[in-house]
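Notes follow once the structure below has been shown.
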Amino acid sequence: MSEEIRINQSATREEIYRELLPQAKALLSPEPDEIARMANLTAILHEIPGFFWVGFYFVKGNELVLGPFQGPVACSRFSIEKGVCGAAVRENRTQIVPDVDAFPGHIACSSLSRSEIVLPIRDASGKVRAVLDIDSIRLDDFSEVDEQYLMHFLELVKLN
Ligand code: SME
């Protein structure tokens, strides 16, 4: 199958998600390795205009440790007591931060980041095993629409 991702750069965010979802499904579903699926998912979502950093952090003890990502180099690890990612783990729910400078404890891995969304990824028992973190160069770039679609993408990387 083709391993090129097609995207209409001038479409709306929702149209882009709808265009990408079947392509992601075709690419990721046959792959049994979770890291391979996560890695390609970051590459797919990184195609979306504004998304300059897309990656996973794994929960390891009391820390979040960097997993597959696309974008500039990022913090390798930090405490789950910190940051937007830490809040997603501790509260076990999605965090949408319209302005990262206004979020107390935000960890600035890049000065380009203006807004951020972080979704928890749970295992079969409901425990948070990882998070998906997306940083945008645009202020207020994420809404519940992003959360809903990103949850569908995350179903394709289900962790065991
Ligand atoms: N900003 C995140 C840290 C990870 S970087 O954005 C890649 C946070 O506050 O949790």
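A quick note: this is a predicted structure, and the numbers were derived from the prediction, not measured. Read the numbers this way: they start at 1 and go in the same order the structure lists the ligands and their atoms.
Between Pro68 and Ile35, some side-chain heavy-atom pair lies under the 4.5 Å cut-off.
His46 contributes no side-chain N or O that, together with a main-chain N or O of Trp53, makes up a donor-acceptor pair within less than 3.5 Å. The closest donor-acceptor contact from the side chain of Arg114 to the backbone of Asp141 lies at 3.5 Å or more, if one exists at all.
Interatomic distance, CZ of Arg129 versus NZ of Lys158, reported as 13.0 Å (0.5 Å rounding). Taken from CD1 in Ile7 to CD in Glu15, the straight-line distance is 11.5 Å, to the nearest 0.5 Å.
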Ligand 1: protein N/O within less than 3.5 Å of ligand N/O:
from, atom 1, to, atom 2, distance (Å)
ligand 1, 1 (N), His106, NE2, 3.3
ligand 1, 1 (N), Ile107, O, 2.7
ligand 1, 1 (N), Glu116, OE1, 3.1
ligand 1, 1 (N), Glu116, OE2, 3.1
ligand 1, 6 (O), Asp133, OD2, 3.3
ligand 1, 6 (O), Asp135, OD1, 3.2
ligand 1, 6 (O), Asp135, OD2, 3.3
ligand 1, 9 (O), Val84, N, 3.0
ligand 1, 9 (O), Ile107, N, 2.9
ligand 1, 10 (O), Val84, N, 2.9
ligand 1, 10 (O), Cys85, N, 2.8

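Tyr149 and Tyr17 have parallel rings, their planes meeting at less than 30° on a 0 to 90° scale where 60° marks the start of perpendicular.
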